[in-house]
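Source: prediction; values computed, not measured.
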Amino acid sequence: MKKILTTVAVLVAVVLLACCGGGLGAPAKSETQKAAEKAVQCLKDKDYKGYVDMLYANERELASPDKLAQEREQYAELLKGKAEESAKKKGVEDLVVDYSFVSEEVDSLSAVVRMAITDGANNVDTTDVKLRKDVNGDWKIVMGK
């Protein structure tokens, strides 16, 4: 009888662990964390157009898609120049060689994701990636304050 109870108890424990995942594996990333990591990955890959495409655009800017596309293209070139200038000043080839998630503060329409960014000289700085939901519900980068 003890053997049967022990076997049942073990089976129940196994089923419970299987149902709740047992705490194994990394926790799922939030949508804001994914967006911030995608933005930083664009900078790491020197994909300035990809980064600029992640910038938040308000309804007024979205009303003029041709003008928005032209401004984004210009901004990508400006960003590339600034990144190259900053890398040269720091004496590194890459401004971003690695990054990691630190924390996040999220409300319904905006978020701040803190990231630790390692440059080519192995200096680690933390930076806040500010995000806002656009009209489609996607998280986009907010420039400025």
Discussion item. Between Lys133 and Asp138, is the salt bridge (charged side-chain N to carboxylate O under 4.0 Å, His left out) condition met? List the steps.
Written reply: CA-CA 5 Å; Lys133 270 192 181 176; Asp138 297 323; over 6 Å; no

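- Within a 6.0 Å radius of CD in Glu93, no more than 12 heavy atoms belonging to other residues, nucleotides or ligands are found.
- To the nearest 0.5 angstrom, Asn58 atom CG is 13.5 Å from Lys140 atom NZ.
- Closest of all the heavy-atom pairs between Thr32 and Ser30 is OG1-OG, 3.0 Å.
- Few gaps surround CD on Gln74; more than 12 heavy atoms of other groups in view lie less than 6.0 Å from it.
- In terms of heavy atoms, Val96 sits closest to Ile117 at CG2-CG2, 3.7 Å.
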Practice prompt. Show the numbers, then the answer: is there a side chain to side chain contact (heavy atoms under 4.5 Å, CB included) between Val102 and Met115?
Written response: CA-CA 5 Å; Val102 176; Met115 303 287 293; 5.6 Å; no

Practice prompt. Check the pair Asp134, Trp139 against side chain to side chain contact (heavy atoms under 4.5 Å, CB included), reporting the backbone distance first and the verdict last.
Written response: CA-CA 6 Å; Asp134 68 5; Trp139 289 100; over 6 Å; no

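- Taking OH of Tyr75 as the start and CD of Glu73 as the end, the distance is 15.0 Å to the nearest 0.5 Å.
- Interatomic distance, Asp53 CG to Lys38 NZ, rounded to the nearest 0.5 Å: 8.5 Å.
- Within 6.0 Å of the NZ atom in Lys44, the count of heavy atoms belonging to other residues, nucleotides or ligands exceeds 12.
- Using a 4.5 Å cut-off between side-chain heavy atoms of Ile, Leu, Val, Met, Phe, Trp and Tyr, with links allowed through other members, Leu79 and Met143 fall into the same hydrophobic cluster.
- Counting all heavy atoms, side chain and backbone alike, Arg72 lies closest to Leu55 at NH2-O, 2.7 Å.
- Closest non-hydrogen pair, Gly50 versus Cys42, comes out as C-SG, 3.7 Å.
- Each of Leu109, Val113, Val106 was scored for a side-chain contact (heavy atoms from CB on, under 4.5 Å) with Leu131, with one residue passing: Val113.
- Counting heavy atoms from C-beta outward, Asp94 and Lys46 have side chains that approach closer than 4.5 Å.
- With hydrogens and angles left out, the side-chain atoms of Gln33 and Glu37 include a donor and acceptor closer than 3.5 Å.
- In this structure, CG in Leu78 is found 12.5 Å from NZ in Lys80, a value given to the nearest 0.5 Å.
- Residues Tyr48 and Leu43 have side chains in contact (heavy-atom distance under 4.5 Å, counting atoms from C-beta outward).
- When the side chains of ILVMFWY residues are joined at heavy-atom separations under 4.5 Å, either directly or via intervening members, Met54 and Val129 end up in a single hydrophobic cluster.
- Note that CG of Asp128 and CD of Glu105 are 8.0 Å apart. Values are rounded to the nearest 0.5 Å.
- For the atom pair Thr127 OG1 and Tyr99 OH, the distance stands at 14.0 Å (nearest 0.5 Å).
- Under 3.5 Å, the side chains of Gln41 and Asp45 contain a donor-acceptor pair of N or O atoms.
- Here the closest heavy-atom approach between residue Leu95 and residue Val92 is recorded as CD2-CG2, 4.3 Å.
- Between Leu62 and Leu68 the shortest side-chain heavy-atom distance falls below 4.5 Å.
- Within the 4.5 Å cutoff, the side chain of Lys130 has no heavy atoms near those of the Ile141 side chain.
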